[in-house]
Amino acid sequence: MKCVLLSVRATCFSLLSMLSLALIMCPFAPVAAQLSINVTTEKTDYHYRELVRVRGNVTSDGSPIGEGLVAIQIQDPGSKTIALRTVQANATPSENWAVEIVSFISIDNLGNPESIFEKEGFAYFKAHIRNSDDFSSRTVLLTITLFDGDSTPFMFQWMRTTIEPQESLEEIVGLYVDDWVSVGEAAAYVSVYEDWPSLGGCAYCPGESVVFYVTSATQAEPMFHVSSTTQKMLDFSCSSFEMEVRLPPQAPLGRYTITCSVLSDSARSSGTTAFNREHNLPGDIIFDRKIDIFDAVTIAAAYGTQGGEPWWKPMADLNADAFIDIFDIVIAAANYGTSY
Ligand SMILES: [Ca+2]
Ligand SMILES: [Ca+2]
């Protein structure tokens, strides 16, 4: 009897050994797909209030993915985040997200729905976030970035909190609208992340956005329909994702880092790139290291416009007051004829 038992054990052992060997040798054994992301900007150097186009590709085992979520974080030379958004990679996945943005609206200071805000005042937003998980609490990084109609991020706000299982969080923020911001259409983008993308965090769910309108006290009529460039889909037909960001007037010189983290079908990856905000002498709008007739013509073509109006050119607003007028001409004229 003992002998039979030993023989059965030996048979089992050899079967297990063969199975293990087969799994190791088998070319069809499941292997996790290799998710990879690359991100680029169309140039390496940018100047005063220039538009930075960010685009990238996400592949799985070398083939473009069908859908995914990409977090794009842009940090200035002092590592301060100036914009953070979640965009789709090709398409937005439809899943039941553990943490989701239930609603995101713009409101007045009493909590009533409002979509028109005057410059040099506050715009208010209410975000409703939910942790739908039955058992796990979640640490959430909640971010809101405001962009004006020139695609310039002018306010970034974040908070980190923990949401218990099946609990919700309602957050109201008041964000200042600077005087240099363009009037007309603007947009607020809200996102929730596990952590900062620069620390490896991915988006919990697709981001949400709300369009609002910026007015100024000097405006005769509020403008609601301007030729806005607010985060339009860009024509990068071969890219998985894209975003455009104009450097704010006070953007410091130096190296900016763009970190992207991607989540697709439970796989994750991250990638980075960088660009420089180069010095340019005030008035060198058509950047060629000299201030000449071409720069003068560019300012002249935008003369008399307010930020957001047709013919407005943020790069020509040299004193960043949302008007192109005699003060900008004076600044450019002081450098006219200079090469550097
Ligand atoms: Ca020039
Ligand atoms: Ca100006």
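Quick note: numbers below take in every heavy atom, side chains included, and nothing from hydrogens, waters or symmetry partners. In this chain, numbering begins with 1 at the start of the sequence shown. Counting convention: from 1, in listed order, for ligands and their atoms alike.
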Parallel, tilted or perpendicular: ring planes of F275 versus Y46, cut at 30 and 60 degrees: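 F275 and Y46: perpendicular rings.
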Contact check: D317 to the Ca ion (ligand 2), N/O/S below 3.0 Å: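 It does: D317 brings an N, O or S atom closer than 3.0 Å to the Ca ion (ligand 2).
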3.0 Å cut-off met by an N, O or S atom of F323 to the Ca ion (ligand 2):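 F323 does place an N, O or S atom closer than 3.0 Å to the Ca ion (ligand 2).
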Side-chain donor/acceptor of D295 to backbone N/O of D292, under 3.5 Å: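 Side chain of D295 to backbone of D292, a donor-acceptor pair under 3.5 Å: yes, one is there.
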Test item: side-chain donor near acceptor, W312 and D317, under 3.5 Å: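 Checked: W312/D317 side chains show no N/O donor-acceptor pair below 3.5 Å.
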Donor on one side chain, acceptor on other, Y303 and T305, under 3.5 Å: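 There is no such pair between these side chains.
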Residues D195, R160: salt bridge by 4.0 Å N-O rule: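 Judged by the 4.0 Å cut-off on N to carboxylate O distance, D195 and R160 do form a salt bridge.
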Audit row: F154, Y176, ring-ring contact (aromatic ring centres under 6.0 Å, His included) steps and yes/no: CA-CA 9 Å; F154 63 89; Y176 190 71; 9.4 Å; no
Protein N, O or S within less than 3.0 Å of the Ca ion (ligand 1), waters excluded: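 Result, waters dropped: D284 OD1, I286 O, D288 OD1, K290 O, D295 OD1, D295 OD2.
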Test of ring centre spacing under 6.0 Å for Y124 and F117: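 No: the rings miss the under 6.0 Å criterion.
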Angle subtended at the Ca ion (ligand 2) by OD2 of D328 and OD1 of D321, nearest 10°: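 With the Ca ion (ligand 2) as the vertex, the angle is close to 150°.
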